[in-house]
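Along the sequence shown, the residues carry numbers beginning at 1. These numbers come from the heavy atoms of this one structure, side chains and all, not from hydrogens, waters or symmetry mates.
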Amino acid sequence: MDNNDISSSGFVIQENNSEMISSFHSIKEIETKGYSCLYTATKFGKKVILKGLKPEFKKERFYQDLLKKEFEISYFLDHPNIVKIIDFQNILNIGDCIVMEYVEGMTLREFVESQRDNETTSRDVTHYTDENKHDVIGASSKVARSRGRRDKRVYDKIFNELLDAMEYFHSKQIIHRDLKPDNILITNNGNNVKIIDFGLSDADDYVILKQAAGTRKYAAPEQLIPNNTIDCRADIYSLGIILKNNFPKSYHKIAEKCAQQDKEKRFSSVGDIRNFIKRKKITKTTAAVSLILLLLFALSFAVTKHYISSGTYSLKEKKILTESTQYIDSQIEIIKNKIKEGPTSSLDKYNEVAMTYYELMTLDHKKWLDNIPNDIPFYNDFMTHWNTYLNNKSMDIFQSYLDWIEESSTLIFNSLESGEELVPDSEIPVKVKIIKVEDN
């Protein structure tokens, strides 16, 4: 931060008469950029990190105040995914320092680079050739798929822990203002998230050091405007840029909404992000079930089509074919009309439409054939007719049905009361229900 662009902090600092503390051992400096310096040290047999000011900034009132503000804001934060602040001390030959927990790990930037290196190595395995080259390539493909699933779980874990930490300090009315890969540590043991460096953070109860701040690449547009009021959506913007540049493509939809230039178009909170993810899961479940049913119809048609008879049916058989066609038409029409009414926030209406579609796709055909015993040729004709007709009809509404499901689930989510959660039904996955959850 350029000192020419900032005003006096407003802090009233008393002269520091505290005794110099020299009980830290094995102090080693870590190379850093910016105004602060970092050291590893040992005290009582335990490693810690010391954060102080570089010599050229030690006498600058602004940077003294900035260090104290960071300590005061982050000292009372107690969360497993935020680095723990231990103390504020004056260390011999270093000066005022924040004492914080030592984390054995790497930054998110370094972690992502290591993952990409592993991916490259995995691809290179397929270039090996020998007399059993097919076995080598086959084995490497299995390894790659296994690694892909494992990597997805790791990124999901990191993402969820980032959300946990952000939700926690946002609940304390604190904005980090400098979220970026270099301020997110990933532990070597367990790939746990540790957010660090609240040096530019701000809180509602502070009226000083409110200057525009942040790392330009990750800072929200409103964050770089002097004297502008910002809220938690500034951190959500930074999260979006982090996801876009460092996470798999499956996160890019979330990243796109997080990183909207207009803050009114972003997620309003971490809770809003979580609800978006839950809605997507419900929509994906419904889409998957519906698509599987369509594929089953196509498969059934392929199996039975060669059994088609001459088409000469008895009156009873003709009646069955006619009634089954009329039934499909009536159910499809019900679904179409419900969709035309627009998305609903009613749980009952949502489940009614979902179940109409589901029951149509999973109907027990025996009720149509009870009066035609042991007539295998007609049974096959009936199944071919049913599957072909229903497949064509359902394809006409499939996409509009899924759109309606997604829009309706969004409305239902937005109407939930505090302590309520929308989840798929355990027995019939296309249905949803509201459950009560305990507050954390």
Side-chain angles (χ1 to χ4, degrees), residues 1-24 27-41 43 48-77 82-101 169 172-180 182-183 195-216 218-220 222-231 234-235 238:
M1 188 182 296
D2 190 343
N3 199 31
N4 295 324
D5 296 335
I6 57 180
S7 59
S8 175
S9 69
F11 257 120
V12 178
I13 304 294
Q14 301 296 328
E15 184 178 355
N16 190 346
N17 294 319
S18 61
E19 180 182 356
M20 294 288 188
I21 307 289
S22 58
S23 56
F24 291 94
I27 298 176
K28 296 179 181 179
E29 187 170 1
I30 303 171
E31 185 177 348
T32 59
K33 298 178 181 179
Y35 65 90
S36 61
C37 53
L38 293 177
Y39 302 84
T40 59
K43 186 174 184 179
V48 294
I49 294 290
L50 307 177
K51 181 176 183 177
L53 298 175
K54 290 181 177 178
E56 60 268 33
F57 297 106
K58 282 184 180 179
K59 294 183 179 180
E60 294 277 352
R61 182 68 166 272
F62 173 80
Y63 293 102
Q64 294 171 0
D65 294 349
L66 203 59
L67 191 67
K68 286 182 178 290
K69 182 181 179 183
E70 177 181 358
F71 169 75
E72 290 169 359
I73 285 179
S74 54
Y75 178 72
F76 294 102
L77 296 179
I82 298 175
V83 70
K84 180 65 178 173
I85 303 302
I86 301 169
D87 203 355
F88 189 90
Q89 294 187 4
N90 192 284
I91 311 296
L92 186 66
N93 298 325
I94 297 178
D96 286 343
C97 284
I98 298 173
V99 184
M100 64 185 76
E101 72 169 310
F169 61 72
K172 305 291 184 184
Q173 310 305 310
I174 294 171
I175 308 168
H176 190 283
R177 298 208 300 176
D178 199 23
L179 285 176
K180 57 185 179 182
D182 285 341
N183 285 340
I195 292 181
I196 63 171
D197 198 349
F198 282 74
L200 299 180
S201 61
D202 198 17
D204 285 356
D205 54 355
Y206 274 81
V207 295
I208 56 175
L209 299 173
K210 294 285 189 179
Q211 290 84 353
T215 302
R216 184 170 294 276
Y218 296 93
E222 68 273 14
Q223 192 175 328
L224 301 175
I225 301 174
N227 303 316
N228 191 35
T229 301
I230 64 171
D231 55 30
D235 285 343
S238 302

Main-chain N/O of Asn183 paired with Asp197 side-chain donor or acceptor, under 3.5 Å: no
Aromatic contact, Phe169 with Phe198 (centres under 6.0 Å): yes
Inter-residue atom distance Phe62.CZ - Leu67.CG, 0.5 Å rounding: 11.5 Å
Residues forming a salt bridge (charged side-chain N to carboxylate O under 4.0 Å, His left out) with Asp231, sequence neighbours excluded: Arg233
Main-chain N/O of Cys97 paired with Asn90 side-chain donor or acceptor, under 3.5 Å: no
Step-by-step side chain to side chain contact (heavy atoms under 4.5 Å, CB included) determination, Ile30 to Thr40: CA-CA 7 Å; Ile30 303 171; Thr40 59; 3.6 Å; yes
Shortest non-hydrogen separation from Glu70 to Ser74 and the atoms involved: O-OG, 2.5 Å
Rounded distance (nearest 0.5 Å) linking atom CD1 of Ile98 with atom OG of Ser36: 9.0 Å
Test log, rule side chain to side chain contact (heavy atoms under 4.5 Å, CB included), inputs Lys69 and Asp202: CA-CA 9 Å; Lys69 182 181 179 183; Asp202 198 17; 3.0 Å; yes
Side-chain donor/acceptor of His176 to backbone N/O of Ile196, under 3.5 Å: yes
Any residue meeting salt bridge (charged side-chain N to carboxylate O under 4.0 Å, His left out) with Lys180, in chain and number order, not counting sequence neighbours: Asp178
Separation between CD1 of Ile230 and CG of Asp235, rounded to the nearest 0.5 Å: 7.0 Å
Check: Gln89 side chain, Val99 main-chain N or O, donor-acceptor pair, under 3.5 Å: no
side-chain hydrogen bond (donor to acceptor under 3.5 Å, both in side chains) against Glu29, all qualifying residues, sequence neighbours excluded: none
Side-chain (Lys54) to main-chain (Gly34) donor-acceptor, under 3.5 angstrom: yes
Aromatic plane relationship, Phe57 with Tyr35 - under 30° parallel, 30 to 60° tilted, over 60° perpendicular: perpendicular
Spatial distance of atom CG (Leu66) from atom CG (Leu53) [nearest 0.5 Å]: 8.5 Å
Contact summary for Ile27 and Tyr39, nearest pair of heavy atoms: CG2-CD2, 3.7 Å
Note: Asp96-Lys58 ion pair, threshold 4.0 Å (strictly below): no
Inter-residue atom distance Leu38.CG - Thr32.OG1, 0.5 Å rounding: 5.0 Å
Rounded distance [0.5 Å steps], CZ in Phe71 versus CG in Asp87: 6.0 Å
